[in-house]
Asks: 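Could you have a look at this structure, given as structure tokens, before my questions?
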Amino acid sequence: MAAAAATATLSDDDAEERVAATNAQMMLLTRKMIEIRNILQEISTSGGSRSLTRVQLPSIVVIGSQSSGKSSVLEAIVGHEFLPKGNNMVTRRPIELTLINAPDAAAEYGEFPALKLGKITDFAQIQRTLTDLNLAIPDSEAVSDDPIRLNIYSPHVPDLTLIDLPGYIQIAAADQPETLKSKITSLCDKYIAAPNIIVAISAADVDLANSTALRAAKRMDPRGERTIGVITKLDLIEPSRAIELLQNRNYPLQMGYVGVVSKVPSSFASRSSSGILSRFSGAGDSGDIGSAIAKNEEMYFGRHPVLTKALEDADQQQVSLGVINLRNKLMHILERTMAKNLQPACDAIHQELEETAYQFKVEYNDRPITAESYLAQSLDSFKLSFKEFAGKFGREQVRAMLKSELDQRVLDLLAQRYWNKLDEEPDLSLATLDDTTIKSILRPVSELPNAPSDDVYWHRQLDACVSNLTKSGVGRTSTTLVSNALSGEMEHLVNSGAFKTHPYVKTIVQDATMEILNSRFYSTADQVENCIKPYKYEVEVEDREWSKSREHAFALLKEEVRQCEAAYYKLQRSVGGAKKLSQVEKFVEKSCKGLVRMEDANEIYGFSQALIDKGREGLFLTKRADILRLRMQALKSKQCKSKDSKYYCPEIFLDVVADKLTQTAVLFLNVELLSDFYYHLPRELDARLGHGLGVEKMESFAKENSKVRRHLELQERKQKLELATEKIESVIAMQKTRRLQPA
């Protein structure tokens with residue numbers, strides 16, 4: 001007897017070990033298939049050229065009417081309250097829930113792969129995030145087929161993939177679209193199509209004949225091969241009635257029914273201020289809400305002999321009760337369904353890989369690319385363009401640019417002090433002054449060639465011009481001019497080079513440019529001002545300088561005459577011809593002399609105010625051109641040949657001053673600003689782009705270029721398909737080994 005008992009004990013132990021080994025293998029298979037499914041999901045949602053419609057791996061899809069207890073079942077499996085709750089329709093998007101058994105995890109946590117929020121250990125935060133993502137769908141749409149992906153890692157969950165869908169409704173509310181019912185039905189039909197497993201949730205206190213979930217499952221799975229029924233709220237009906245529902249007779253399903261209570265006992269449910277169930281501690285080893293529910297179910301079933309007997313004779317009565325049995329059943333069904341789809345999925349993945357590999361070879365000749373290599377290549381290209389620019393934009397270019405700016409200032413000073421003076425006819429605005437006073441204040445430049453050499457008026461005019469020119473802030477002006485030119489050229493290089501499709505890098509280059517230039521701006525401006533200070537008191541002129549400036553001043557005046565003539569011809573065309581403009585000019589001249597009244601311009605002569613203004617402009621251009629020609633003759637005369645005639649030839653002397661200011665400023669601009677900028681910018685870009693850019697930003701940068709994005713996405717697709725192929729082949733090999741092992 002003792003020997004027989006020992007043998008029986010050994011047999012029981014062996015059976016338990018075999019069951020444990022089978023369960024372990026099953027979990028390993030399911031986990032690997034979930035990994036493959038996640039890889040394929042990443043390929044389909046990565047924005048690649050096409051989705052993987054041929055590759056189909058099953059998921060468990062949970063459907064049910066609102067208030068059928070669907071959320072409670074899912075939360076009982078997970079062990080936490082985490083799904084959105086609310087009075088109005090809160091679940092508006094599919095929630096693709098992947099449970100990963102993590103026995104070594106220090107804490108349970110969830111991750112939203114698409115949001116990249118990291119590990120979230122607070123399930124209340126997960127619930128708030130899910131609620132926000134669902135409520136982001138406007139009331140006018142109510143539902144969306146854009147899924148929310150959530151991964152939960154815990155030592156207390158099995159490896160499962162579950163998809164929670166919006167609950168069926170019978171009638172749309174007043175604030176909901178009339179098409180809501182059909183939209184939910186269409187969304188659910190899309191997910192419960194083959195090969196997915198359907199978990200049809202029905203409340204026990206509602207006749208199964210009226211179950212919307214069973215009706216939808218029957219429509220999409222007529223033979224009931226992929227559907228498992230879950231009857232919730234068993235505690236609301238008589239136990240005998242519960243057994244009758246679960247015996248799979250009236251509405252038979254090949255996978256049968258599971259009955260659950262899925263209610264947290266009131267003694268274990270403590271609610272926080274936000275209404276979220278806190279984790280239950282002390283309800284079994286796992287210490288979660290799922291264990292509390294299982295304990296509560298066990299106590300409820302124990303109080304009713306008919307349910308206790310059903311649990312003991314589950315195989316004979318074909319009755320399954322409790323959340324734990326539901327978990328195990330879902331694991332076995334998912335494993336069995338996935339195993340059945342292994343070879344077809346493997347063949348489909350192989351086909352996708354062959355097509356992708358061929359496409360990659362044809363389009364890119366199997367040439368690999370990385371975001372980092374593309375960034376390095378783009379940066380090198382930009383630095384090469386920058387080096388070419390630095391070779392072309394040096395001291396001579398800065399000198400020409402600054403001299404052009406000072407030339408304009410000289411012309412403005414000459415116009416202000418010499419050219420905008422009275423000639424023969426006085427202006428009416430000066431009618432209150434006597435002739436002597438007018439002549440002493442505003443002397444025409446036509447008097448200058450014949451003025452005495454000691455004429456104080458003309459001496460003061462030139463001294464005032466020199467003072468204005470040297471004290472006009474040349475340091476800040478020249479530094480601003482060069483800084484603006486450099487920043488403008490950098491913007492041009494970015495917009496025309498390797499970075500033209502990369503707005504983020506454009507900002508980095510512009511920021512680096514401005515930081516370097518701003519850091520040197522004030523010191524450079526101060527240095528230039530200090531170095532030109534001697535010219536504010538005395539300017540010595542050499543014969544060579546005078547001769548050079550004489551030619552340059554003549555060229556400037558000649559260009560001014562050309563511009564005056566061009567503007568005058570344009571004015572003629574705008575008023576209808578030279579004759580018309582001449583008539584208006586004569587009228588303006590007569591009005592200035594008091595021969596005609598300006599009030600009669602329109603009534604008698606038919607000249608509008610706009611035409612009168614153009615007449616004034618024409619007179620101004622004509623007189624300005626005459627004065628410029630007069631000064632050109634003076635510059636070519638013997639009087640302006642010598643540097644001693646500076647008061648007779650202010651145009652030449654001011655050009656000499658402008659040239660000296662330019663040469664002095666350029667020396668320090670080249671050393672203090674240009675050379676410093678050319679040295680630091682490439683190194684600053686290396687620091688910010690070469691090493692300072694993270695992996696995610698590098699990827700984002702590379703994919704801003706459509707051609708590079710396509711290259712990267714096709715390469716990534718190929719790599720992921722290769723990984724999926726490797727994993728699914730290892731699963732198939734594992735399955736073959738498992739079948740060869742003795743029972």
Side-chain angles (χ1 to χ4, degrees), residues 396 399-425 439 442-470 535 538-571 617-663:
E396 284 304 312
R399 194 202 71 79
M401 187 169 58
L402 180 55
K403 185 60 166 59
S404 177
E405 176 69 17
L406 292 182
D407 282 346
Q408 190 57 52
R409 290 196 178 186
V410 167
L411 291 173
D412 291 342
L413 287 171
L414 287 169
Q416 183 181 6
R417 291 279 176 178
Y418 289 90
W419 302 340
N420 292 346
K421 303 302 177 184
L422 294 178
D423 214 347
E424 288 82 9
E425 292 84 15
K439 292 293 183 180
L442 303 173
R443 293 171 61 179
V445 71
S446 56
E447 294 181 5
L448 180 58
N450 301 318
S453 59
D454 58 350
D455 193 324
V456 177
Y457 175 82
W458 296 112
H459 284 221
R460 287 178 178 174
Q461 290 293 85
L462 182 60
D463 292 343
C465 287
V466 173
S467 178
N468 285 338
L469 185 61
T470 56
Y535 299 127
E538 184 179 1
V539 179
E540 295 182 357
V541 184
E542 297 180 0
D543 292 336
R544 176 183 55 83
E545 294 172 336
W546 183 266
S547 178
K548 177 183 174 184
S549 290
R550 186 185 182 194
E551 293 180 5
H552 187 259
F554 184 85
L556 278 180
L557 296 186
K558 186 176 181 180
E559 174 61 21
E560 283 290 299
V561 170
R562 187 196 66 78
Q563 291 183 16
C564 285
E565 290 174 345
Y568 189 77
Y569 293 145
K570 184 178 180 181
L571 201 62
E617 185 180 352
L619 281 175
F620 170 80
L621 290 172
T622 302
K623 291 184 178 182
R624 172 56 58 85
D626 290 343
I627 292 174
L628 290 172
R629 293 189 189 96
L630 182 68
R631 293 309 303 159
M632 288 171 65
Q633 291 177 0
L635 294 183
K636 283 294 185 181
S637 67
K638 291 183 180 180
Q639 191 178 37
C640 290
K641 193 171 183 180
S642 169
K643 64 182 179 181
D644 297 329
S645 305
K646 66 179 183 178
Y647 292 110
Y648 291 102
C649 313
E651 297 88 352
I652 301 175
F653 186 73
L654 289 175
D655 187 78
V656 171
V657 176
D659 203 48
K660 286 180 177 293
L661 293 175
T662 299
Q663 291 178 7

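The first residue of the sequence shown is numbered 1, and numbering continues consecutively from there.
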Asks: If we only count heavy atoms from C-beta on, is the Val539 to Phe653 side-chain gap below 4.5 Å?
Replies: yes
Asks: Are the side chains of Arg624 and Val561 in contact, using a 4.5 Å heavy-atom criterion?
Replies: no
Asks: What residues form a ring-ring contact (aromatic ring centres under 6.0 Å, His included) with Tyr647, not counting sequence neighbours?
Replies: His459
Asks: Of all residues at least two apart in sequence or in a different chain, which pass the ring-ring contact (aromatic ring centres under 6.0 Å, His included) check with Trp458?
Replies: Tyr418
Asks: Any non-hydrogen side-chain atom of Trp546 less than 4.5 Å from a side-chain atom of Lys641?
Replies: no
Asks: Side chains of Pro650 and Leu448: does their closest heavy-atom pair fall under 4.5 Å?
Replies: yes
Asks: For residues Leu654 and Leu469, report the shortest heavy-atom separation together with the two atoms involved.
Replies: O-CD2, 3.9 Å
Asks: Answer yes or no: is there a donor N or O on one side and an acceptor on the other, between the side chain of Ser467 and the main chain of Ala464, under 3.5 Å?
Replies: no
Asks: Any side-chain heavy-atom pair from Glu542 and Lys643 closer than 4.5 angstrom?
Replies: no
Asks: Could you walk me through whether Trp419 and Arg631 pass the side-chain contact (heavy atoms from CB on, under 4.5 Å) check?
Replies: CA-CA 10 Å; Trp419 302 340; Arg631 293 309 303 159; 3.8 Å; yes
Asks: Answer yes or no: is there a side-chain heavy-atom contact under 4.5 Å between Asp655 and Val410?
Replies: no
Asks: Is Glu545 salt-bridged to Lys660, cutoff N-O under 4.0 Å?
Replies: yes
Asks: Identify, with sequence neighbours excluded, every residue that meets salt bridge (charged side-chain N to carboxylate O under 4.0 Å, His left out) alongside Asp455.
Replies: Arg443
Asks: Quick one: which residue pairs count as a ring-ring contact (aromatic ring centres under 6.0 Å, His included) with a foot in residues 622-646, not counting sequence neighbours?
Replies: none
Asks: Could you walk me through whether Asp659 and Gln663 pass the side-chain hydrogen bond (donor to acceptor under 3.5 Å, both in side chains) check?
Replies: CA-CA 6 Å; Asp659 203 48; Gln663 291 178 7; 3.1 Å; yes
Asks: Could you tell me whether Asp626 and Arg629 make a salt bridge, using a distance below 4.0 angstrom between a side-chain N and a carboxylate O?
Replies: yes
Asks: Tell me, please, which residues at least two apart from Arg409 pass side-chain hydrogen bond (donor to acceptor under 3.5 Å, both in side chains).
Replies: Ser472, Thr477
Asks: Please name all residues satisfying disulfide (SG to SG under 2.5 Å) with Cys465, sequence neighbours left out, ordered by chain then number.
Replies: none
Asks: Measure the spacing between CG of Leu571 and SG of Cys564 and express it to the nearest 0.5 Å.
Replies: 12.0 Å
Asks: Taking side chain to side chain contact (heavy atoms under 4.5 Å, CB included) as the test, write out the residues that go with Ser642, two or more places apart.
Replies: Asp644, Ser645
Asks: To the closest 0.5 Å, what do you measure between CD (Glu565) and OG1 (Thr622)?
Replies: 10.0 Å
Asks: Once rounded to the nearest 0.5 Å, what's the spacing between atom CD1 of Ile627 and atom CG of Leu557?
Replies: 11.5 Å
Asks: Do Arg460 and Val456 come close enough that some side-chain heavy atom pair is under 4.5 Å?
Replies: yes
Asks: Can you list the residues that meet the salt bridge (charged side-chain N to carboxylate O under 4.0 Å, His left out) rule with Arg562, with sequence neighbours excluded?
Replies: Glu559
Asks: With sequence neighbours excluded, what pairs up with Asp454 under the salt bridge (charged side-chain N to carboxylate O under 4.0 Å, His left out) test?
Replies: none
Asks: Is it true that a side-chain atom of Tyr535 and a backbone atom of Glu540 form a donor plus acceptor pair closer than 3.5 Å?
Replies: no
Asks: Are the side chains of Asn468 and Arg417 in touch, meaning some heavy atoms are under 4.5 Å apart?
Replies: yes
Asks: Under the rule for side-chain hydrogen bond (donor to acceptor under 3.5 Å, both in side chains), what residues qualify as partners of Gln639, not counting sequence neighbours?
Replies: none
Asks: Who are the salt bridge (charged side-chain N to carboxylate O under 4.0 Å, His left out) partners of Glu551, not counting sequence neighbours?
Replies: none
Asks: Can you list the residues that meet the side chain to side chain contact (heavy atoms under 4.5 Å, CB included) rule with Ala553, with sequence neighbours excluded?
Replies: Leu635, Glu651, Ile652
